[in-house]
Amino acid sequence: MNITRYVVAGVVSVALHMGLMLTHKEQQVFAMPSGSTSQSVSLNFVAPKAPSVDKPAEQDA
């Protein structure tokens, strides 16, 4: 195995990916309700409902 070839290929790959990621301008999105100055958050946890299992109607044969 040629370790140096793999190391060089890995470094080049990481450098190319970093270059592409740094040049790509990404818009940052911030969501905040207007007029709200509250610093608290309310979470409501509910248990999922069990799916109802419908039994097929029995047929007389």
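Owing to the predicted nature of the structure, the values given are computational and were not obtained by experimental measurement.
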Using a 3.5 Å cut-off and no angle test, enumerate the donor-acceptor pairs between side-chain atoms of residues 14-23 and protein atoms at least two apart in sequence or in another chain.
| from | atom 1 | to | atom 2 | distance (Å) |
| --- | --- | --- | --- | --- |
| His17 | ND1 | Ser13 | O | 2.7 |
| Thr23 | OG1 | Gly19 | O | 3.1 |
| Thr23 | OG1 | Leu20 | O | 3.2 |

Applying side-chain hydrogen bond (donor to acceptor under 3.5 Å, both in side chains), can you list everything that pairs with Ser42, at least two apart in sequence or on another chain?
none
If you link I, L, V, M, F, W and Y whenever their side-chain heavy atoms are under 4.5 Å apart, who else ends up in the same group as Val46?
none
